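Structure first, commentary second.
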Number of protein chains: 2
Amino acid sequence: MAYRETEKMRNRKAEARKRIIECTYGCVADGGFRSAQITRIAACAGVATGTIYRHFESKEDLFAEIFRIATQREVDKVAEALSAEDNAVSRLEVALRQFAERALRGPVMAWSLIAEPVDPKVEEERLKFRRAYAQLFEQAIRDGIKEGCLPDQDARQSSTCLVGAIAESLVGPLSPAQADTAEQAETNDHNPLVNSIICFCMQGLTGTRR
Amino acid sequence: MAYRETEKMRNRKAEARKRIIECTYGCVADGGFRSAQITRIAACAGVATGTIYRHFESKEDLFAEIFRIATQREVDKVAEALSAEDNAVSRLEVALRQFAERALRGPVMAWSLIAEPVDPKVEEERLKFRRAYAQLFEQAIRDGIKEGCLPDQDARQSSTCLVGAIAESLVGPLSPAQADTAEQAETNDHNPLVNSIICFCMQGLTGTRR
DNA sequence: ATAAATAGTGAATCATTATTCATTCTTTGT
DNA sequence: ACAAAGAATGAATAATGATTCACTATTTAT
């Protein structure tokens, strides 16, 4: 025997892998999954196209991983907002605002995560992503019901509606055609758009029954 | 001169066009846009692939038209529900139910219209489609505010949230993986899913302020 | 230094479909 | 019947971009 993988090599490979991931992330944040071709990613990462395939089974797998990473960041932020020491209604409100404002701040990535057409494996991740959000909200809603600050309701269904209402409200402002409009939001953190969305959502949660 | 387009020919061409549209509609309703390849559509319509291009500029154009037609049907149904003689709140509730129930009854088409990845030109139609719904709801909300049965609110924003909440709630049940679950709905018109969605939405609209 | 083992390369290949266009078939008016 | 005009055909082409793989380079242990 002559060659055996050594620490040094392992590190180098890990770095290359990391670089590929970062470049893919960058490409997606910049122009969506559509614009992230293997050739471009490879060039950006300073490796040959073939090298990508030493680190990932396929483009779909790479994309799925990028999606997971990007998603995790967002979900973590919302989870953080929901774990504050406060009543459920306030926590939900802060979390919803976090969700919407972050999306408006990174519109291309948000659009990719929410609405860009993607391949099946990535779409699968998207469903998980949405469910992850919904589950966080769902738990908070249950808390709220227990605390008595929310009326009894189908927590799962309400959480799904929350995700939908926010996502839909953002699709317009986020769609590539209107990136400029969204950019304004970057400099304006008292965004009336966000306020209206949250108003509807909070009413949906807290409103009295007819 | 020897040949000039005659009524008979115009009819025949119109029929061919109609047949192409119907077959495309059928393919989409059956397996989504993805499964509607030109070859298959042509075979189904009993014409050569080239013939498709005598009637439509491109596949995208054909799809965009199909999308418009399918959409119009749905939007019309909602518009109908909203034009009833009743107060705005009741009309909105009936319309929302119409929207959701029709989607569950034709899950593949609904999925294609709401969530299937499609090409840019078709995606454009989708945005219009969603806006068309939103506009209908928006007007009804304005009516409701005027009538006094809805509290003052940003009608446009609320309507967008309505569309989002419903669409999101349906994406899970509609996604191709779960076509079977949706089929149950076909035989069960007292669907609890629909009721929960509508409950949230109506609260979002009517709820008291905190 | 040498050889075994693995890593990296990138031009060539493959796969998928939409689209074209040279050709054939139909219709129409004389 | 004939020829002009247009309609229909579908095999061939084009375009795109992911993936492969024969080859070169590098690393390691002796």
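Note that these values count all heavy atoms, side chains included, but never hydrogens, waters or copies made by symmetry. Because the structure is a prediction, the values reported are computed rather than measured.
- The neighbour count for B:R34 CZ, taken as heavy atoms of other residues, nucleotides or ligands under 6.0 Å away, does not exceed 12.
- Residues forming a side-chain hydrogen bond (donor to acceptor under 3.5 Å, both in side chains) with B:S169 (at least two apart in sequence, or on another chain): A:Q157.
- With sequence neighbours excluded, the residues that form a ring pair (Phe, Tyr, Trp, His ring centres under 6.0 Å) with A:F99 are A:Y133.
- Here A:Q139 pairs with A:R142, A:D143 under the side-chain contact (heavy atoms from CB on, under 4.5 Å) rule; sequence neighbours left out.
- Taking atom CD on B:E5 and atom P on C:dT28, their separation rounds to 10 Å, with Å as the unit.
- In terms of the salt bridge (charged side-chain N to carboxylate O under 4.0 Å, His left out) criterion, B:D154 has no residue partners (sequence neighbours excluded).
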Which letter, B, S or -, goes with each nucleotide of nucleotides 10-23 of chain C from 5' to 3', with contact meaning a protein heavy atom under 4.0 Å? BB------SBB---
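- Between the P atom of C:dT9 and the CD1 atom of A:I41 lies a distance of 15 Å, rounded to the nearest Å.
- Atom pair A:Y3:OH and C:dA5:C1' shows a separation of 8 Å (rounding to whole Å applied).
- When the side-chain nitrogen and oxygen atoms of A:R54 are compared with OP1 and OP2 of C:dG8, none of them lie within a distance under 4.0 Å.
- Within the structure, the ring pair (Phe, Tyr, Trp, His ring centres under 6.0 Å) test picks out no pair touching residues 8-32 of chain A (sequence neighbours left out).
- Applying the side-chain hydrogen bond (donor to acceptor under 3.5 Å, both in side chains) rule to pairs touching residues 39-66 of chain A yields A:R17-A:E65, A:D61-A:K121, sequence neighbours excluded.
- Counting to the nearest Å, the C1' atom of D:dG10 and the CD1 atom of B:I52 are 12 Å from each other.
- Shown for residues 8-27 of chain B: residues whose heavy atoms fall under 4.0 angstrom of DNA chain C, namely B:K8, B:M9, B:R12.
- Residues passing the side-chain hydrogen bond (donor to acceptor under 3.5 Å, both in side chains) test with A:R156: none are found, sequence neighbours excluded.
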